[in-house]
Colleague: 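This is the structure, below, for whatever I ask next.
Since this is a predicted model, take the numbers as computed values, not measurements.
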Amino acid sequence: MNTNPESNNNVEMEIDESLYSRQLYVLGAEAMKKMSASNVLIIGLKGLGCEIAKNVALAGVKSVTLFDPTPTTIQDLGTQFFLTEQDIGKPRAITTANRLSELNPYVAINYIDSEPKPDEFSDYKVIVVTEASLKKQLYYNEICRKLGVYYISAETHGLFSSVFNDFGNEFVIEDPTGESPLSGMIASIDNDADGVVTCLDETRHGLEDGDFVTFSEIKGMESLNGCKPIKIKVLGPFTFSIGDTSNLGQYTTGGTFTQVKQPITMKFSPLKEAIENPEFLLSDFAKLDRPAIVHLSFRALHEFYEAANRFPNPADDDDFAEVLKLARAINDKSSNKVEIDEKIVKCVSYQATGDLAPMNAVVGGFVAQEVLKACTGKFTPLNNYLYFDSLESLPTEFVPTKEETSAVGSKYDGQIAVFGKTFQEKIENCRQFLVGSGAIGCEMLKNWAMMGLATGKNGVISVTDMDTIEKSNLNRQFLFRSTDVGKLKSEVATKAAISMNSQLEGKIFSYHDRVGVETESIFNDDFFENLDCVTNALDNMEARMYMDRRCVMFRKPLLESGTLGSKGNTQVVVPFLTESYSASRDPPEKSIPMCTLHNFPNAIEHTIQWARDRFHGYFVQPAENVNAFLSQPGYVENIIHHQGDSVQRETFESIKQSLSENKPKDFNDCIKWARYTFDELFDHNIQQLLFNFPRDSLTNSGQAFWSPPKRAPSPIKFNPENPQHIDFIVSAANIRAATYSLPESRDVAHIKNFSASLEEIPFKPKSGVVIKVNDSDPDQDTTEVANIDSLIESLPSPSNFSDFRMIPTEFEKDDDSNFHIDFMTATSNLRAANYDIAPADRFKTKQIAGKIIPAIATTTSVVSGLICLELYKILDKSHKIEDFKNGFINLALPFFAFSEPIAPESRDFNGTKVSDWDAIFIERDLTLQELIDEFESTYKLEVSMVTSGTTMLFSPFLSKKKASERKSLPISELVNTISKKEIPSHTKYVVLVICCYDENDEDVDVPEVRVRVKA
């Protein structure tokens, strides 16, 4: 049965970029097209199967067919988020299909009532088998093998899991990593038998032995340009060999190399062979021996199941004894014997009936990505087995007993089987703060709803997110539907969580406030003090750093994570146990030198950033300057007093131009402005650059000025028959019209004819223009500049514009009708044409200009699951640092890596070791003198300086009179007086940073001091 028939209407359907944009940046258009032609069958619709189906449907395959006629039970509701109490007794597949069909209008969702016949398997490209007996797995795999259908099986048992792939004997991988091809500029190529290529300015090439490259823009050895891919040998980080070049002439200058990815072919073993001779993908390098013993334990589980028609009961020692006996028998017969770890076998047996939402999220995301690999040939698939476990998530003092782990007839029985009833109560009474309800936030809420987090008497979940839902969110933020576009994310997400678990009613609350200093009256001291944990689901560094500071201040655990395409990372922060999030930071992104951006670009990224700057300079800054000039008394004087000459001149010139000389009366004036802006940017400015530095210019050392990485540009004359030229005029004119609230126009014919009719303004070189060649050169103005005083005098009177305001253009990358990306694309590519740089299409321009983070649902699912496995440990409150794991994954390879968190850096204070988590609490609003006396009597330290935020309260530079006056004031009054701001009523403590020195006049690193100013 097809529950979404409309999605099959057009097999060759074009990719909906507005829905799939973030995923397209991960997979690419070709892979998406292959997916849209792929049918997938998923067998088994418990929590794991549901997770896989959700991710595959979001990704955009042609169809997903579900098979699971098993009636829904109450226990299913603890992991199967598409089922509710009303579905108990109904077949899992039918009810799941109905709700799965809501996720993606382009994917047909089907269900079948009876097991497909062997010849019907050929209707599918991929078969996924979940939670099936080993006998069934072997049966399905044998059929798939014969028909050439790709096969995946997966299962979870409590904190243990398994995945197996069989993609046949000749599976071709078009792109093993998904990384952008490497490229670089060339300094030289040797004309000899080795053909050594040296990179420009000793830039690391990043290539590996056996990689293939091709070349372009080489002068001398031109036959290498556009050559067939050449296999290279790496000689060092800056050099590689391409073989004999002795017959290619002498290299002169220039050129770039570009890596060319080559398809690879993988061979897979059928399940029947692999089970006896398994190969393992290591999911945790700290558990090198774990996969083999878990593989043996899973085989024993399945033999137990075949004999008893059930899995072992929780904490049942008789069942465990039988599983151990079976494991030993299997091991004795095996040619690959392993050393049996009875503790692991026991845990597997005890947890066999366990079913955990976080484990399903990890494995379901991983398996869904393997499905996409099978459909597309994009990324490297798992070859053979993956065993992943999180045994360290168990409570440290937990002793499983039948009484603790036996089923109680609730939706949480699968979790109770692993953690016990006592720990379930801890989960249900957790007080959690989720910051962000986007992709990771949606997955987190789903997992929490399934876990029963905060459903108890004292439990609460607070969710904040200021964003509204956009269409591009729907591809990976699965709690949202198309009817939710425009609504607040936090409100929709919390309602969706309640629909998954009605026990969250009255326990989960939504906010639409940005976290920051300005909202500390909402998320105040009382709010943070009542939390058990904070989970970040953020997409910006500023908010992450702020939340980290708040968690350190209130000593709350913080769970941090992020994704970038197929890559994801997790970090757990535990008070006093680990370092804070801010303690370790990634290096800042490498910025583009300004001289490169302004005059010497050599890559499309440079021209796109330049276009972004032009956008701001034309459509944002002038409007903001004008509005401030018209509305703020004393604006001109303020600019004069606080800005340098160049900024003053630029500001006043933009106001003058915007209000008088270039103020448009109608849309034709906007066309005229766009046309002359075209001439200025792409013709006159380039001619001026070549006037200053002719093509035959030499540097002071006698080298050619226009040598790599510099490219000698060429001016472009406006041509109304060139579509790219007209694209610039259309987009620039329309955005300018919008800033002046003038009617826009999409009459391309009129725009083309009018712009062609305008008289060209001839270029006149300016002899006094100074152009910076290096960022280190001193700033210099041109000789032909307006006098600032005369500029100010020429400004119109604000009184003449009492009802006029301009509209600064807020850049919006996801609105295809606003001309913003059209302007960026045309501007960037025209600039690229000036410098003979390969252009970028609109899609790539949008990603770079909009700083879009590539994203896919599979990675988000895995990351959220890993975070929730750490949450179990935090709720236990007795784990050691070695039990926690920071994680990094790359599903494209695939790759898992975990590391122990770093302990906080400690320092000595008053004979004890302290860290950033430590603070000195003073529970009364004492005077500054009393504070000074307190440090002298308690710590034998002399206070030299006291600050609160940016306010200096006390320093050695104060006069005796001022120092005496301040010492007599209570801290609260002193802060209010000096900062000229009242301490907010919601603030309990004033945070002080105090500088001291000891009896030997040595500086002492003092912990943060918190003085209570509110009872």
Colleague: Using the side chain to side chain donor-acceptor pair (under 3.5 Å) rule, collect all pairs that involve residues 41-56, keeping only residues at least two apart or in two chains.
Modeller: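 Found E51-K54, E51-K446, E51-S861, K54-E443.
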Colleague: Does the pair K489/D465 count as a salt bridge with the N-to-O cut at 4.0 Å?
Modeller: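 No, this pair does not count.
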Colleague: Judged by atom type as modelled, is there a donor-acceptor pair below 3.5 Å linking the side chain of D319 to the main-chain atoms of P312?
Modeller: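 The answer is no, because no donor-acceptor pair under 3.5 Å joins these two groups.
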Colleague: Return yes if a side-chain donor-acceptor contact under 3.5 Å exists between T95 and N98, otherwise no.
Modeller: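 Looking only at side-chain atoms, N98 and T95 do not form any donor-acceptor pair under 3.5 Å.
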Colleague: With Y387, which of F298, F164, F160 fulfils ring-ring contact (aromatic ring centres under 6.0 Å, His included)?
Modeller: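 Single pass found, and it is F298.
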Colleague: Can the ring centres of Y872 and F419 be said to be less than 6.0 Å apart?
Modeller: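 Between F419 and Y872, which both carry aromatic rings, the centre distance is below 6.0 Å.
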Colleague: State whether K411 and D76 are salt-bridged, where the test is any N-O pair (Lys NZ or Arg NE/NH1/NH2 against Asp/Glu carboxylate O) under 4.0 Å.
Modeller: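 Salt bridge: no.
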Colleague: Would you please classify the geometry between the F527 ring and the F433 ring as parallel, tilted or perpendicular, with 30° and 60° separating the classes?
Modeller: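 Plane angle over 60°, so perpendicular.
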Colleague: Salt bridge or not between E397 and K877? Use side-chain N to carboxylate O under 4.0 Å.
Modeller: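 Salt bridge absent between E397 and K877.
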Colleague: Can a donor-acceptor pair be found between the side chains of E403 and T401 at a distance below 3.5 Å?
Modeller: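 No donor-acceptor contact under 3.5 Å links the two side chains.
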Colleague: Could you check K487 against D484 for salt bridge (charged side-chain N to carboxylate O under 4.0 Å, His left out), going step by step and ending with a plain yes or no?
Modeller: CA-CA 6 Å; K487 299 177 183 177; D484 296 322; 3.5 Å; yes
Colleague: Do the side-chain N and O atoms of T422 and E404 include a donor-acceptor pair separated by under 3.5 angstrom?
Modeller: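 Side chains of T422 and E404: pair found under 3.5 Å.
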Colleague: Before accepting this row, confirm whether a basic side-chain N of the pair K873/D876 lies closer than 4.0 Å to the acidic partner's carboxylate O.
Modeller: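 Looking at K873 and D876, the cut-off is not met.
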Colleague: Under a plain distance cut-off of 3.5 Å, with no hydrogens placed, do T464 and D513 share a side-chain donor-acceptor pair?
Modeller: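 T464 and D513 do not have a side-chain donor-acceptor pair below 3.5 Å.
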Colleague: Can N886 and S899 be counted as having a side-chain donor-acceptor contact under 3.5 angstrom?
Modeller: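 No donor-acceptor contact under 3.5 Å links the two side chains.
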Colleague: I'd like to know if the side chain of D317 pairs up with that of Y350 as donor and acceptor (distance under 3.5 Å, no hydrogens or angles considered).
Modeller: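 Yes, side-chain donor-acceptor contact under 3.5 Å.
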Colleague: Report yes or no: does D532 contribute a side-chain atom to a donor-acceptor pair with the main-chain N or O of R431 at less than 3.5 Å?
Modeller: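 Yes; at least one donor-acceptor contact below 3.5 Å.
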Colleague: Do you see a donor-acceptor pair shorter than 3.5 Å between the side chains of T130 and E155?
Modeller: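 Side-chain D/A pair, T130 to E155: absent.
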Colleague: Check the side chains of Q369 and S566 for a donor-acceptor pair under 3.5 angstrom, ignoring hydrogens and angles.
Modeller: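 On atom types as modelled, these side chains do not qualify, holding no pair under 3.5 Å.
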Colleague: Does a salt bridge link D413 with K421, judged by any charged N lying under 4.0 Å from a carboxylate O?
Modeller: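 Salt bridge: no.
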Colleague: For K495, does the NZ atom have more than 12 heavy-atom neighbours from other residues, nucleotides or ligands under 6.0 Å away?
Modeller: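 No, the 6.0 Å shell around NZ holds no more than 12 heavy atoms from other groups.
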Colleague: Is it the case that the ring center of F523 lies less than 6.0 angstrom away from the ring center of Y511?
Modeller: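 Y511 vs F523: aromatic centres under 6.0 Å.
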Colleague: Distance only, no hydrogens: is a donor on one side chain within 3.5 Å (strictly under) of an acceptor on the other, for S878 and T396?
Modeller: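 Yes, T396 and S878 have a side-chain donor paired with an acceptor closer than 3.5 Å.
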Colleague: Please report the C-alpha distance between D355 and N360 in whole Å, then the side-chain angles of each, then the deciding distance to 0.1 Å, and finally whether the side-chain contact (heavy atoms from CB on, under 4.5 Å) criterion is met.
Modeller: CA-CA 8 Å; D355 193 13; N360 290 334; 3.1 Å; yes
Colleague: Check this for me: does any side-chain nitrogen of one of E870 and K885 sit under 4.0 Å from a carboxylate oxygen of the other?
Modeller: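 No salt bridge links E870 with K885.
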Colleague: Fit a plane to each ring of F895 and F285, take the angle between them on a 0 to 90° scale, and name the class: parallel (under 30°), tilted (30 to 60°) or perpendicular (over 60°).
Modeller: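 Tilted.
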Colleague: Let me have the donor-acceptor pairs involving side chains of residues 571-580, under 3.5 Å, with sequence neighbours excluded, atom names and distances please.
Modeller:
residue : atom : partner : partner atom : Å
T578    : OG1  : V574    : N            : 2.9
E579    : OE1  : S584    : OG           : 3.3
E579    : OE2  : S584    : OG           : 2.6

